[in-house]
Amino acid sequence: MIEDQKNKSHIKNPDNSFSRRRFFFHSGAAIFTTTLLSSCEGIIEDIFPKSDKAEEKEEEEQVPDRDKTLAFFGDSLTIGAGGTAPYGSIVAAALAGRPVLSDGIVGQVASRIAVRQGGTPLTISIDGNKLNGIKPVKITKLSNSFLSTPTNYDEYSRTGTVGGVRCTIRRTANAELGENYTITPAAVSVLDVPEDSEFLLEDASRLKTATQILWYGRNNIGKSDAEDQIIAALDSSIAYITAPARYLVLGVLLGQSDRKDTDNYKQVTAINEKLAAKYGKSFVEMTPPTDAELAEISYSPSDDDRTDLENLNFPRGLRADVGTDEIHLNDKGYQIIANRVIARIKELKF
């Protein structure tokens, strides 16, 4: 029986031979057809070109599902001081479907911004080393006065957690008593808080996956360690962003009186050159607007503006009141900044 089966296995089946010939014939035809179509691909695209909408849809399909939030961190320039709204709102209007958060505090140096952004850890010590129900407890030590500013007595607060308990840190200030920081739990808690406990900022944690626009450093200008402080703050902030990090670094803006022969001009220029070299395509220049950029916002420069431009500075017509404020921009000035950010976000497909 075994012998019979063995012999049968050696008998050729004409149907099988035919099937193999047919398989190779059709396979060859398929290969030929594929090659022909591939070679004609360029010709077909020339005859039937893709529409712009089709190309845009194709690009959108290639973009991975990711956080579309745009998070703007910085000082008063970030929140549009001198204008009527943060420049981030202009960016949002041009990029539909992108949620925006603008987090800026006037007068802050780079190291304080980096704490609010999350790149530099924040630690606290509190009175009695213990939360007290839902009552505010005085903070006796902060690793960084991250809500402080020398320019006003406004109240600032941020929410986060310490030891897993949700709390709000609040900064208040007045001329007589100076600054005061307190921490208040969101619900009743008597948690022990050891000295130098880490406080995790809620917004910073939530925005790690966002595309971040970092405008640091204007309030460091004039200090001998400005360059080191700005770059250290930026590096810690960028390292904090979820990889692959999507971020832009904006250059330091010259003040109205920062003319070519001044120390501030030289310092700002040197810092911006270093930032451009370090961050490459993620760096957005703060050079004076070009004629094309001015035309884009329908602005015709005055003679005084031309003088400012010749001095390699932003024209006074794009600034707030230069008689009282030589740093901030007006709405048209912020439009220039927003347009540069919009263009770079599109270029980098952020």
Is a side-chain donor or acceptor of [X] paired with a backbone partner of [Y] at a separation under 3.5 angstrom?
X: Lys332; Y: Ile297; answer: yes
X: Ser189; Y: Gly133; answer: no
X: Asp75; Y: Gly104; answer: no
X: Asn174; Y: Leu177; answer: yes
X: Thr269; Y: Lys266; answer: no
X: Thr69; Y: Pro99; answer: no
X: Arg340; Y: Glu285; answer: yes

Around [X], counting heavy atoms of other residues, nucleotides and ligands shown, do more than 12 lie under 6.0 Å from its [atom1]?
X: Ile134; atom1: CD1; value: no
X: Lys130; atom1: NZ; value: yes
X: Lys223; atom1: NZ; value: yes

Could you state whether [X] and [Y] fall into the same hydrophobic cluster, counting links through intermediate Ile, Leu, Val, Met, Phe, Trp or Tyr residues with side-chain heavy atoms under 4.5 angstrom apart?
X: Tyr153; Y: Tyr156; answer: no
X: Leu142; Y: Val137; answer: yes
X: Phe283; Y: Val268; answer: yes
X: Met286; Y: Val252; answer: no
X: Leu214; Y: Val341; answer: no

- Query: What do the steps show when you test Val91 against Ile213 for side-chain contact (heavy atoms from CB on, under 4.5 Å), and what is the final call?
  - Reply: CA-CA 11 Å; Val91 177; Ile213 298 87; over 6 Å; no
Does [X] pair with [Y] as a salt bridge, N-O distance under 4.0 Å?
X: Arg218; Y: Asp258; value: yes
X: Asp303; Y: Arg306; value: no
X: Glu155; Y: Arg171; value: no

Indicate yes or no: at least one non-hydrogen side-chain atom of [X] is less than 4.5 angstrom from one of [Y].
X: Thr161; Y: Leu201; answer: no
X: Tyr279; Y: Tyr247; answer: yes
X: Tyr181; Y: Thr172; answer: no
X: Trp215; Y: Ile337; answer: yes
X: Ser282; Y: Val249; answer: no
X: Lys281; Y: Leu348; answer: yes
X: Arg112; Y: Ser145; answer: yes
X: Arg166; Y: Thr159; answer: yes

Indicate the atoms forming the closest heavy-atom contact of [X] with [Y], along with that distance.
X: Gly317; Y: Asp305; result: N-OD1, 2.9 Å
X: Ile271; Y: Ile230; result: CD1-CD1, 4.0 Å
X: Ala94; Y: Ile342; result: CB-CD1, 3.4 Å
X: Val162; Y: Leu191; result: O-CD2, 3.3 Å
X: Asn313; Y: Gly255; result: ND2-O, 2.8 Å
X: Asn219; Y: Gly107; result: ND2-C, 3.3 Å

- Could you give me the CA-CA distance, side-chain angles and deciding distance for Ile124 and Glu195, then say whether side-chain contact (heavy atoms from CB on, under 4.5 Å) is met? CA-CA 7 Å; Ile124 63 171; Glu195 288 194 6; over 6 Å; no
- Task: Pick out which of Leu147, Thr168, Val115 makes a side chain to side chain contact (heavy atoms under 4.5 Å, CB included) with Arg158.
- Result: Leu147
- Verdict with supporting geometry, Lys278 and Asp235, salt bridge (charged side-chain N to carboxylate O under 4.0 Å, His left out): CA-CA 10 Å; Lys278 186 174 180 66; Asp235 281 350; 3.4 Å; yes
- Can you check side-chain contact (heavy atoms from CB on, under 4.5 Å) on Ile79 and Val106, steps first, answer last? CA-CA 8 Å; Ile79 53 175; Val106 298; 4.2 Å; yes
Report yes or no: do [X] and [Y] form a side-chain donor-acceptor pair below 3.5 Å?
X: Tyr265; Y: Asn311; result: no
X: Glu198; Y: Thr123; result: no
X: Arg246; Y: Thr211; result: yes
X: Thr84; Y: Asp331; result: yes
X: Asp304; Y: Ser302; result: no

Rounded distance [0.5 Å steps], [atom1] in [X] versus [atom2] in [Y]:
X: Phe350; Y: Arg98; atom1: CZ; atom2: CZ; value: 10.0 Å
X: Gln335; Y: Glu293; atom1: CD; atom2: CD; value: 11.0 Å
X: Glu227; Y: Ile221; atom1: CD; atom2: CD1; value: 9.5 Å
X: Ile169; Y: Leu122; atom1: CD1; atom2: CG; value: 5.5 Å
X: Arg206; Y: Glu202; atom1: CZ; atom2: CD; value: 7.5 Å
X: Ser102; Y: Leu70; atom1: OG; atom2: CG; value: 9.5 Å

- Would Tyr87 and Phe72 count as a close aromatic pair, with their ring centres under 6.0 Å? yes
- Please step through salt bridge (charged side-chain N to carboxylate O under 4.0 Å, His left out) for the pair Asp325 and Arg319, ending with a clear verdict. CA-CA 8 Å; Asp325 182 348; Arg319 292 188 181 271; over 6 Å; no
- Query: Ser237 pairs by side-chain hydrogen bond (donor to acceptor under 3.5 Å, both in side chains) with which of Gln117, Arg116, Gln212?
  - Reply: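 Exactly one pass, corresponding to Gln117.
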- Query: Leu329 and Phe314: side-chain contact (heavy atoms from CB on, under 4.5 Å), yes or no, with the steps?
  - Reply: CA-CA 9 Å; Leu329 305 174; Phe314 257 70; 3.9 Å; yes
